[in-house]
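Have a look at the structure below, then the notes.
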Number of protein chains: 2
Amino acid sequence: MKPSTSTQDYLKTIYELTENGSPASTNDLARELNIKPASVTGMIQKLAGEKPALLEYQKHQGVTLTSAGKKAALEVIRHHRLLETWLVQTLGYSWDEVHEEAERLEHVISEDFERRIAAALGHPLRDPHGELIPTADLKMPLDDSTPLSALRKDQTGKILSIKGADANLLRHLEELGLTPNTPIEVISYSPFDHNLTVKVNKKTHVLGLNITSKIFIEET
Amino acid sequence: MKPSTSTQDYLKTIYELTENGSPASTNDLARELNIKPASVTGMIQKLAGEKPALLEYQKHQGVTLTSAGKKAALEVIRHHRLLETWLVQTLGYSWDEVHEEAERLEHVISEDFERRIAAALGHPLRDPHGELIPTADLKMPLDDSTPLSALRKDQTGKILSIKGADANLLRHLEELGLTPNTPIEVISYSPFDHNLTVKVNKKTHVLGLNITSKIFIEET
DNA sequence: TCTAAAATTTAGTCTTGCCTAAATTATTTT
DNA sequence: AAAATAATTTAGGCAAGACTAAATTTTAGA
């Protein structure tokens, strides 16, 4: 059986929350899904007890995905990122407008649709935010990029992706010229306040780690 | 409140079933929606009793849409037909493959998305099946076409639309060359068995009324 | 017109997925 | 280590929307 929209949202969110290696907590899931913690408990208990279990769960220990769950999550994430790419390229959506639309479409498109847009786009590796797109056989490609915050004086690179920003921040970053594919150069770095001074599109900006830690680059 | 997917399906189906002027029966709705009649009764009772009533209903008398219901129905139908057009034009879907995909997408796209594809397609009047697309202000344009079955010997026309055929029949018609925009010429007509002999793409076919009555043309 | 068949409605259930309130278990603080 | 706080789970409910079985109404045929 195809997972419900709701199940897909849980799996996708658990995937993202467990990318750091540790299990996802009930509370974090509740926050990300805009759902009450008690509801999350009920749902994960159900999902952990299905025929092919989608996730691993022990009381008070948080959840992780089984390989079946991971596949299902990557399927949704692939849909989402292909859709964002597609909407930007063919309908002129801007970088920060596509998320919501893709969030709804990702649950209803067919595998055929997925194949068609992937082919039409030339099987892209990253979406407009710079995020890696899971492959057709549902594996997440390795990320060879570096966080911007790891760059030091005089290093240069090209922005690959900007993660975990909300629509407002995305718009702000776009105004600064901080969008994927932009070349960047580090002017200075302060180890005390963790401020990074960078040159982007000939303009200089000072960035706090709270922003820079979300930006990934490819060194050049 | 935006109508649920289920409500949208009811409204769309009622719209189609009442295009002939008479109310839609519980049984017909159940058949079209693949739902048991008892469930339909429950649902239409609910919809008839909402704040702005979406439909008019009296026991055993069938249902018709209120103007609010009609608007909501046309919204869904507009989505559906724009989506079909868009999928065919930009992703190379064939004429008979698009229906299912549009059936799911129609419920989740935003008004912004609707505007974008309408503009990208140049605000088309008809979808790939030849059906009229409701306008942006949710009115159904007048249909100036004629049923193929009204054509008589030596008349010619251009196929505009093919209605109410399932996927198998659509494929069959496509094989015969009977697709929208195809010029057509009547060779003969038999008033006895209602068989119509037509020439399409230089080939001659005999059509029974059960087929021809679903095909609409524009006389030339 | 009376009756049998067909259509419709009522009544009562079920599943999904969410909620609140209260109870329990973990984690911190002192 | 006990107490306070935070996180999690349990229990009980609710709304949507579908189903089955049984009752009722309409329609049609003899």
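Being a predicted model, the structure only gives us computed values, none of them experimental. All chains are named by letter (A, B, ...) in the order of the sequence lines, taking the proteins before the strands, and each is independently numbered beginning at 1.
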In whole Å, I'd like the distance from the [atom1] atom of [X] to the [atom2] atom of [N].
{"X": "A/Ile44", "N": "D/dT10", "atom1": "CD1", "atom2": "C1'", "result": "13 Å"}
{"X": "A/Asp28", "N": "D/dT8", "atom1": "CG", "atom2": "P", "result": "7 Å"}
{"X": "A/Gln61", "N": "D/dT8", "atom1": "CD", "atom2": "P", "result": "10 Å"}

inquiry  = For a side-chain hydrogen bond (donor to acceptor under 3.5 Å, both in side chains) check, start with the C-alpha distance between A/Asp112 and A/Ser110, then their side-chain angles and the critical distance, and finish with the verdict.
reply    = CA-CA 5 Å; A/Asp112 187 33; A/Ser110 67; 4.9 Å; no

message = For a quick check under 3.5 Å, do A/Thr135 and A/Asp137 share a side-chain donor-acceptor pair by atom type?
response = yes

message = Looking only at side-chain N and O atoms, does A/His80 offer a donor or acceptor that is under 3.5 Å from a partner on A/Gln8?
response = no

task = Answer yes or no: is there an ion pair linking B/Glu103 with B/Lys12, defined by an N-O contact shorter than 4.0 Å?
result = yes

query = Less than 4.0 Å between a side-chain N and a carboxylate O, is that true for A/Glu131 and A/Arg126?
reply = no

request  = Taking heavy atoms of chain B and a 4.0 Å limit, find me the 5'-most and 3'-most nucleotide of DNA chain C within that range.
outcome  = C/dA7 to C/dT10

remark   = Hits for side-chain contact (heavy atoms from CB on, under 4.5 Å) against A/Asn27, two or more places apart or cross-chain, chain-then-number order -> A/Ser25, A/Pro37

message = Please enumerate all residues that pass side-chain contact (heavy atoms from CB on, under 4.5 Å) together with B/Glu32, with sequence neighbours excluded.
response = B/Thr13, B/Leu17

message = Could you tell me if the side chain of A/Ile14 sits less than 4.5 Å from the side chain of A/Leu29, heavy atoms only?
response = yes

Enumerate the protein-to-nucleotides 1-6 of chain D contacts in which both atoms are nitrogen or oxygen and the separation is below 3.5 Å.
none

note = Judged by nearest nucleotide, the residue sitting upstream toward the 5' end of DNA chain C, A/Ala38 or B/Gly42, is B/Gly42

Closest contact, heavy atoms only, A/Leu132 versus A/Pro141 = CD1-O, 3.4 Å

Which atoms of nucleotides 15-18 of chain D (N or O only) lie under 3.5 Å from a protein N or O atom, and what are those distances?
from	atom 1	to	atom 2	distance (Å)
D/dG17	OP1	B/Ser4	OG	2.5
D/dG17	OP2	B/Lys46	NZ	2.5
D/dA18	OP1	B/Ser6	OG	3.2
D/dA18	OP2	B/Tyr10	OH	3.4

Using residues 49-60 of chain A as the side-chain source, report each donor-acceptor pair under 3.5 Å to any protein atom, sequence neighbours left out, with the distance given to one decimal.
none

